[in-house]
Amino acid sequence: MRRFEREKKLINSWVFSTTWGARVLMAIVICLLAVGASLADGRKHKLSRDLDALKGKRNGATVDVIIQFSQTPTDIQHQKVRNKGGVLKTKLDVIKGAHYFVPVESLLALADDPDVAHISPNRPLSGTSTSTLDYTPESVNAQVAWQQWGLDGTGVGVAVIDSGVTAVGDLYWWIPSNQTYGSRVVYSQNFVPGTTDTSDQYGHGTHVAGIIASEGWFSTGSNFTHTFKGIAPNANIINLRVLDQNGVGTDSSVIAAIQTAISLKSTYNIRVINLSLGRQVYESYTLDPLCQAVEAAWNAGIVVLAAAGNQGRNDSAGTEGYGTIAAPGNDPYVITVGVMKTANTPTRIDDTIASYSSKGPTAFDYVVKPDIVAPGNQVVSTLAPNASLLASPTDVYLSEYTSSTTTTSSGGNNNNKNNKKNTLSTVATNTISTSYMRLSGTSMATPVVSGAAVLLLQQNPNLTPDQVKARLMKTASKTFPASSSATDPATGITYTDYYDIFTIGAGYLDIAAALSSNDVADAPAVSPTAVYDPSTQSVYLVTGTSVVWGTDALWDTSVVWGTNVLNGTSVVWGSSVCWGASTNDGFSVVWGTGVVWGNSSDQSSSTAQSITVTGEN
């Protein structure tokens with residue numbers, strides 16, 4: 001089990017000077033303390049807590065589990081499981097484990113095996129989206145990459161581990177001069193039991209792939225008022241289908257897909273894995289098999305992006321949405337992404353956090369998450385024909401972006417097959433777009449950052465995952481309001497968010513700033529851990545001296561989010577915003593005596609019981 005060298009950094013005293021400050025403080029304290037008592041018991045036994053309730057039952061039932069061993073299992077370990085009535089389903093060597101069906105009554109005996117490290121259920125997970133790529137690239141300054149740097153993702157492979165990717169027209173490359181074309185979905189494999197179909201029967205994965213790499217052919221040309229283009233429009237997509245037609249999958253399928261991505265890394269130059277999916281956190285990331293798989297990919301040199309989750313409105317635990325980060329976004333290595341709203345404008349100044357975006361710290365380990373935020377609300381992207389998401393909430397239909405009946409020559413646009421003037425119509429019609437749909441969620445924000453990582457790696461192929469993470473977070477914009485509110489149109493409930501470290505992480509993705517930076521981290525970029533000390537009513541962040549934002553940080557001339565260390569006049573839960581004042585200097589949070597990002601120029605998923613999110617205005 002990994003253990004950080006605990007070097008405590010006092011951030012500030014908790015202050016109850018205002019009503020909202022005390023309320024949010026109590027929410028965070030509940031997050032930090034709620035599972036503390038049970039954590040010790042959960043770690044004493046090799047059975048996960050959700051399996052522990054089944055032990056000792058002798059009803060002939062079997063359970064679907066993932067067993068992790070102290071070393072990569074061989075036929076000897078597999079035979080031991082068979083001897084206890086188990087059936088091997090999938091070898092998961094990437095986590096030193098395997099997927100089995102085992103009798104419930106054998107759980108205790110298996111846990112007593114000295115070779116066994118941990119046993120957990122093969123848990124269900126799903127995509128972290130709900131029911132406009134319009135201004136997403138502009139909001140994160142992607143056009144600078146295309147126009148100034150000439151970057152478009154060429155040669156870089158992205159593994160989209162999702163509901164499958166249907167190779168729609170916008171995911172094709174096309175050379176007009178000789179009329180040649182081909183799909184940029186260069187590899188496909190299915191991991192959903194009972195089928196070999198790799199196409200997108202749900203609609204989620206194709207939408208995600210479009211946010212990363214859509215070329216926007218079906219909305220390009222003089223007949224159109226806006227092009228729906230991905231962040232890295234010439235990247236290659238490796239389609240690894242793990243979610244079924246209902247958007248549901250299991251840990252074992254995702255782990256097997258991650259294992260495949262690692263094995264195909266050299267073949268397809270896979271440098272990025274996009275995981276717009278998640279589930280509830282049941283145990284420490286050091287035990288969770290899904291987290292162990294993403295760390296294996298990270299250590300293999302692949303940047304892993306994970307959705308934070310859509311539980312930011314969830315107050316079922318009395319935390320006002322804090323402590324709701326989904327797995328595997330709870331892992332400190334991966335880049336965990338929260339979601340912003342673009343306000344349907346290209347400028348960033350009016351963008352705000354989506355109220356449903358999950359907040360940290362993470363359950364069990366209290367890791368500071370998310371790491372970064374990006375646009376993901378009401379995003380228009382590629383549509384997979386006949387996908388079941390089309391039968392979901394009506395906002396996936398783009399009746400406002402429809403085909404008019406004005407006839408026109410298709411000209412050089414090979415997508416105007418019906419010779420209609422396919423415009424983003426200002427005239428109301430009943431026609432539904434056959435090329436695009438709209439979705440909201442951290443699932444949509446995650447591929448935006450995946451696309452940014454692709455552009456960085458095209459620019460500098462030698463960057464490590466830690467260097468990509470550190471640079472994206474260092475250069476993220478720190479300009480935010482003190483708070484913002486959103487009203488759910490369905491329920492009329494108003495939600496208020498404060499722009500603290502557990503809500504927006506290091507800030508708002510800025511691709512132009514990341515590409516202009518020459519900073520190269522020389523240490524791991526593991527996200528820190530928050531520790532609450534009730535005796536002093538203080539919160540500490542725990543890092544190690546070998547971590548990028550520890551005492552030996554590369555950028556050691558200033559503090560993380562500004563130039564001034566927090567003091568009594570700029571309190572963590574002060575009168576204006578968490579972690580400081582509402583001014584730009586409010587982001588002067590210390591993540592070490594020497595820190596990874598911030599200088600004077602910087603002043604400025606889901607679970608099975610998910611909450612329905614239909615997007616916010």
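Values below: all heavy atoms of this structure, side chains included; hydrogens, waters and symmetry mates excluded.
- Relative to the six-membered ring of Y172, R184 misses at least one condition, a distance below 6.0 Å or an angle of at most 45° to the axis.
- Within the 4.5 Å cutoff, no side-chain heavy atoms of I353 are placed close to those of F480.
- In this structure, a donor-acceptor pair under 3.5 Å is absent between the side chains of T464 and D466.
- Residues P328 and L290 form a side-chain contact, since some pair of their non-hydrogen atoms from C-beta on lies under 4.5 Å apart.
- Between the OH atom in Y508 and the OG1 atom in T475 there is a gap of 14.0 Å [rounded to 0.5 Å].
- Side-chain atoms of N299 and Y333 form no donor-acceptor pair, as typed in the model, at a separation below 3.5 Å.
- Between D497 and K359, at least one side-chain N (NZ, or NE/NH1/NH2) sits under 4.0 Å from a carboxylate O, which counts as a salt bridge.
- Proximity of Y356 to V339: side-chain heavy atoms (C-beta onward) are separated by under 4.5 Å at one or more points.
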Begin from the C-alpha positions of S450 and V272 and carry the test side-chain contact (heavy atoms from CB on, under 4.5 Å) through to its verdict.
CA-CA 7 Å; S450 289; V272 176; 4.0 Å; yes
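- Ion pairing between a basic and an acidic side chain is recognised when a charged N comes within 4.0 Å of a carboxylate O; K341 and D350 show no such pairing.
- Side-chain contact between Y268 and N236 is absent, with no heavy atoms from C-beta onward closer than 4.5 Å.
- No side-chain heavy atom of P528 sits less than 4.5 Å from a side-chain heavy atom of Y366.
- Note that NE2 of H207 and CG of D162 are 11.0 Å apart. Values are rounded to the nearest 0.5 Å.
- For D288 and R279, the salt-bridge test passes: some basic side-chain N is under 4.0 Å from an acidic carboxylate O.
- Applying the side chain to side chain contact (heavy atoms under 4.5 Å, CB included) test between L151 and each of V144, V156, L515 identifies L515 as the sole match.
- Using a 4.5 Å heavy-atom cutoff, the side chains of H204 and S443 are in contact.
- Put simply, CG on N234 and CH2 on W146 are 12.5 Å apart, with the number rounded to the nearest 0.5 Å.
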Please walk me through it: do K229 and S214 pass side-chain contact (heavy atoms from CB on, under 4.5 Å)?
CA-CA 5 Å; K229 192 173 181 179; S214 169; 5.6 Å; no
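- For the 3.5 Å distance criterion, the side chains of T503 and D500 qualify, holding a donor opposite an acceptor.
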